[in-house]
Amino acid sequence: MIYTQHDGLTILKLNDKKNKVSFDTLANVILERPSNIIYCELEDELYGIISMGDIARASESGLDYVAINRVFTRILPNDKYMTAKNIFHEKENINALPVVNEDNKLLGAYTRWDDLYNRNMFTIGKVNSFYEDYPLIFLVRPCEIFRERYRTFRYFYDYLLSQGGAVRDIAYSEVLDYIDIADLILFVCEDELRAIDTLAKHILQKDLFRSELKTYGNFMNKLKNEFVRSYLCNIKHQGVHVLNLVCRKYYGSAWEQSIKDKFSAFGEKVSDLFPPSMYPQFFGDLYTEEYANSIMHLPVTTETGSYNGKLKDCSGELYNVINGERYTVGQPEKYQKTIYFVGPCFIYGRYVEDKNTIESFLQKHLNDAQQEIKVVNCGSIIYSSQPDLELARIKEMPLKKGDCVVIYIDNKSFSDIPELNLMDILEKYNASTDWMIDMPKHCNHKINALYAEAVYDELKPILAEVVDGQDEKIIKDEDFVKTTYIDRYFAAFNPSIYGKIGSIIMNCNPFTYGHRYLIEEALKIVDFLIIFVVEEDKSVFSFDKRFAMVYDGTKDLNNVMVVPSGPFILSQTTFPEYFVKEADEDIVQNVENDITIFAKSIAPKLNIRYRFVGEEPEDLVTNEYNSAMKRILPKNGIELVEIPRKKLNKQYISASLVRKYFENYDKEKLYELVPKTTLEILFPENSIFL
């Protein structure tokens with residue numbers, strides 16, 4: 001989320017009260033200054049707004065004008081930053097919030113997008129197919145009034161050049177000239193992309209352009225998916241069948257509206273935490289109050305320190321996990337092939353007992369057909385927030401030629417990988433939304449049975465095939481940490497040229513002078529310092545913002561590298577207590593797992609010999625972590641250096657103290673505790689705060 005002052009917004013001055021604006025007028029406005037929202041002013045007051053979505057809907061209705069939206073959410077300047085953030089979180093259809101004074105004069109606006117802060121995208125590493133897929137790439141120079149955007153543009157331009165190909169930059173005003181010839185046109189921010197896409201498709205009616213339009217952030221996400229795709233294709237070429245499950249055509253459908261109506265009938269907002277009053281229709285023929293409560297409170301947890309988020313072993317009447325796999329009813333003792341399922345909620349069976357998972361239903365189909373095939377449930381609750389770990393799970397599987405992997409990875413498609421759309425299954429059988437909670441993936445036993453039957457029909461032809469060399473094991477890259485983390489962020493890093501290499505792991509919620517002091521003290525001891533920024537989004541400030549604070553707050557220092565921590569360092573998987581600050585019964589084991597992964601799988605590859613921490617006199621969880629490092633790191637050739645924390649006026653500089661002043665907009669205190677670079681990111685130069 002960012003704030004832009006009035007001078008940086010796209011404004012349409014009206015001469016009189018009107019209800020609509022012509023496409024010709026809007027085209028001129030968008031060409032001059034791109035934005036997803038056009039603010040209409042009349043006599044220096046905010047009269048209404050027009051979104052790019054409004055234009056698209058008007059065009060699709062055959063109109064050549066757009067009605068001005070007079071009813072919209074706005075906030076006052078004394079509203080807190082968190083007020084805007086909460087509105088964006090609660091109302092997904094709102095992408096901008098105008099800020100007005102008591103006289104309804106427009107002062108500025110918050111926008112949902114965080115595109116400007118995706119600094120971590122420049123450390124993704126090399127992707128072999130980069131220029132094969134996009135031989136003709138253009139980067140759009142942002143309007144020069146947006147200095148922060150222009151700086152991001154330069155960062156990304158240099159990154160693309162470092163990949164070894166030819167990249168051209170063009171002005172925003174030139175985009176329409178190249179839209180029919182470029183393979184890829186990249187924009188700094190979502191505002192620019194939405195504006196030009198709307199202008200081309202809906203105002204100028206240029207429907208047949210060949211260019212792919214993306215922001216830097218979503219393009220880098222696509223490249224991340226390439227790592228997953230390349231591995232899936234690798235095992236597929238070695239004889240393993242892969243089926244990708246997706247859920248397309250749900251949002252905006254009659255299904256979504258039906259679910260909204262269902263919740264509304266109970267006086268509730270749509271949520272996966274649905275009330276007990278809705279249990280009877282969801283559980284249907286299985287419903288009893290005791291049964292429903294048992295299912296809704298299944299003891300689903302993950303095994304920490306396992307690299308891949310597998311479920312924690314558990315035994316019970318309805319829910320059993322053995323060796324990290326949820327129990328599949330009817331598994332044969334003798335089998336020729338194996339079908340592995342990997343994915344989140346509906347894959348492991350969040351709302352059903354063991355016998356009613358997709359896997360158990362599929363196993364019954366196979367047993368009835370007398371096929372010697374075993375179905376294995378490798379789903380996990382954590383895969384909805386950590387899809388990278390699914391690849392780790394697949395790499396651990398003892399795959400053989402003829403086996404099959406059924407996946408659901410963040411609703412992503414992968415070229416060359418067959419896919420099955422869950423929505424097509426629901427439409428085919430006209431499944432009731434009573435069998436779903438808030439979406440088709442949060443479903444009951446009846447829908448699981450439909451999904452299992454569809455998967456069986458899809459796989460039946462290939463499962464019947466006779467496989468030559470069926471006992472042939474798949475050749476896999478065993479070092480998952482190296483291939484998915486080290487190679488991704490350190491492909492160009494040569495540790496051999498430095499004498500002493502040290503590391504700091506920081507959350508920086510937000511980045512303070514205390515963090516800066518720790519970094520400066522570490523640099524007095526080592527020749528090169530790697531700063532790992534905690535990537536989990538469990539903090540007040542998003543990872544993108546925290547990463548940007550550290551990146552910009554250290555860019556004046558030599559021999560410093562800032563990288564995301566990934567799923568292996570202080571993550572929800574390796575050390576969940578860090579994010580809730582509660583010392584539970586598993587804390588000692590989890591602390592040791594997290595530190596051991598760092599000491600044995602990460603530090604040796606980067607020649608890290610020092611790890612720096614600040615003294616922690618107050619936080620019990622961090623104290624336990626520091627104590628474990630003192631036990632484990634020296635055994636692995638890593639020296640732990642504990643540095644006294646920086647004080648101001650006899651008080652420790654802490655991120656929690658900064659957050660308190662931030663909430664109260666206490667400028668004087670914030671200026672004392674955080675660098676200017678932090679303030680520029682939390683409140684950009686054109687903010688009402690600075």
Side-chain angles (χ1 to χ4, degrees), residues 2 4-75 84 87-88 91-100 104-113 115 140 142-143 145-146 172-173 175-177 179 185 187-209 211 213 215 251-253 256-257:
I2 58 176
T4 304
Q5 266 190 337
H6 181 276
D7 291 346
L9 300 176
T10 301
I11 307 292
L12 174 60
K13 294 285 187 179
L14 302 177
N15 296 322
D16 51 45
K17 291 183 179 180
K18 58 174 66 176
N19 296 321
K20 59 187 180 182
V21 179
S22 71
F23 275 10
D24 289 341
T25 299
L26 293 172
N28 292 331
V29 173
I30 294 170
L31 279 172
E32 183 177 342
R33 181 170 293 186
S35 177
N36 183 53
I37 298 289
I38 298 172
Y39 297 93
C40 302
E41 289 185 337
L42 176 64
E43 297 178 352
D44 293 329
E45 289 187 27
L46 180 58
Y47 181 77
I49 64 174
I50 297 173
S51 72
M52 295 303 105
D54 294 333
I55 296 174
R57 286 185 286 274
S59 172
E60 290 164 358
S61 299
L63 304 176
D64 61 358
Y65 64 85
V66 180
I68 298 175
N69 181 5
R70 300 291 307 281
V71 181
F72 52 91
T73 303
R74 66 194 88 191
I75 60 177
I87 291 174
F88 285 136
K91 300 182 178 180
E92 294 182 358
N93 61 320
I94 294 179
N95 293 319
L97 284 168
V99 179
V100 299
N104 197 35
K105 183 175 181 178
L106 180 64
L107 304 178
Y110 286 101
T111 51
R112 181 184 294 275
W113 331 121
D115 301 82
V140 182
C143 302
I145 61 168
F146 302 122
Y172 175 78
S173 59
V175 172
L176 294 177
D177 298 329
I179 208 163
I185 298 179
F187 297 81
V188 172
C189 70
E190 191 80 22
D191 273 318
E192 291 182 353
L193 184 150
R194 289 189 176 213
I196 200 67
D197 189 57
T198 301
L199 177 64
K201 287 181 179 177
H202 299 290
I203 296 181
L204 303 180
Q205 302 293 316
K206 289 175 68 73
D207 294 324
L208 300 176
F209 55 87
S211 299
L213 309 182
T215 62
Y251 293 105
S253 70
E256 183 187 25
Q257 187 57 50

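Values reported hereafter were calculated over all heavy atoms of this structure, with side chains retained and with hydrogens, waters and symmetry mates removed. Predicted model only: the values in this text are computed from it and were never measured.
- Not one N or O on the side chain of Asn19 forms a donor-acceptor pair closer than 3.5 Å with the backbone of Ala67.
- Contact record, Ser211 with Ile179: OG-O, 2.7 Å, taken as the closest heavy-atom pair.
- Not a single donor-acceptor pair under 3.5 Å links the side chain of Tyr39 to the backbone N or O of His6.
- Annotation: Glu43, atom CD; neighbour count of heavy atoms from other residues, nucleotides and ligands within 6.0 Å does not exceed 12.
- Using a distance-only test at 3.5 Å, with no hydrogens or angles considered, no donor-acceptor pair links the side chain of Ser59 to the main chain of Ile55.
- Distance CD1/Ile50 to CD1/Ile68: 5.0 Å, rounded to 0.5 Å.
- The shortest non-hydrogen separation linking Met52 to Ala195 is SD-CA, 3.8 Å.
- Heavy-atom minimum distance, Leu31 versus Tyr172: O-CE2, 3.6 Å.
- Side-chain atoms of Ile203 and Ile30, non-hydrogen and from C-beta on, do get closer than 4.5 Å to each other.
- Side-chain contact check for Leu106 versus Ile11: some heavy-atom pair is nearer than 4.5 Å.
- Remark: Asp44 engages Lys13 in a salt bridge, criterion side-chain N to carboxylate O under 4.0 Å.
- One N or O on the side chain of Asn104 and one on the backbone of Leu46 form a donor-acceptor pair closer than 3.5 Å.
- In this structure, the separation between NZ on Lys91 and CZ on Arg112 is 11.5 Å, given to the nearest 0.5 Å.
- Of the inter-residue distances, the one linking Leu176 atom CG with Ile196 atom CD1 reads 4.0 Å to the nearest 0.5 angstrom.
- By the neighbour-count criterion of 12 heavy atoms within 6.0 Å, atom OH of Tyr65 is sparsely surrounded, having that number or fewer from other residues, nucleotides or ligands.
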| said: Checking Val21 against Val66 for the side-chain contact (heavy atoms from CB on, under 4.5 Å) test, could you report, in this order, the C-alpha distance in whole Å, the side-chain angles of both residues, the deciding distance, and whether it holds? | reply: CA-CA 5 Å; Val21 179; Val66 180; 5.5 Å; no
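- In Glu32, the CD atom is not crowded: 12 or fewer heavy atoms of neighbouring residues, nucleotides or ligands sit closer than 6.0 Å.
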| task | Check the pair Ile87, Ile75 against side-chain contact (heavy atoms from CB on, under 4.5 Å), reporting the backbone distance first and the verdict last. | result | CA-CA 10 Å; Ile87 291 174; Ile75 60 177; 4.0 Å; yes
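- Here the shortest heavy-atom pairing between Pro98 and Thr73 reads CD-O, 3.3 Å.
- Arg70 and Tyr47 get closest at one heavy-atom pair: NE-O, 2.7 Å.
- Between the side chain of Ser51 and the main chain of Asp54, a donor-acceptor pair closer than 3.5 Å is present.
- Between the Thr4 side chain and the Leu9 main chain, no donor and acceptor come within less than 3.5 Å of each other.
- Ile94 and Phe88 get closest at one heavy-atom pair: O-CD2, 3.4 Å.
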| request: Check step by step if side-chain contact (heavy atoms from CB on, under 4.5 Å) holds for Asn36 and Glu190. | output: CA-CA 8 Å; Asn36 183 53; Glu190 191 80 22; over 6 Å; no
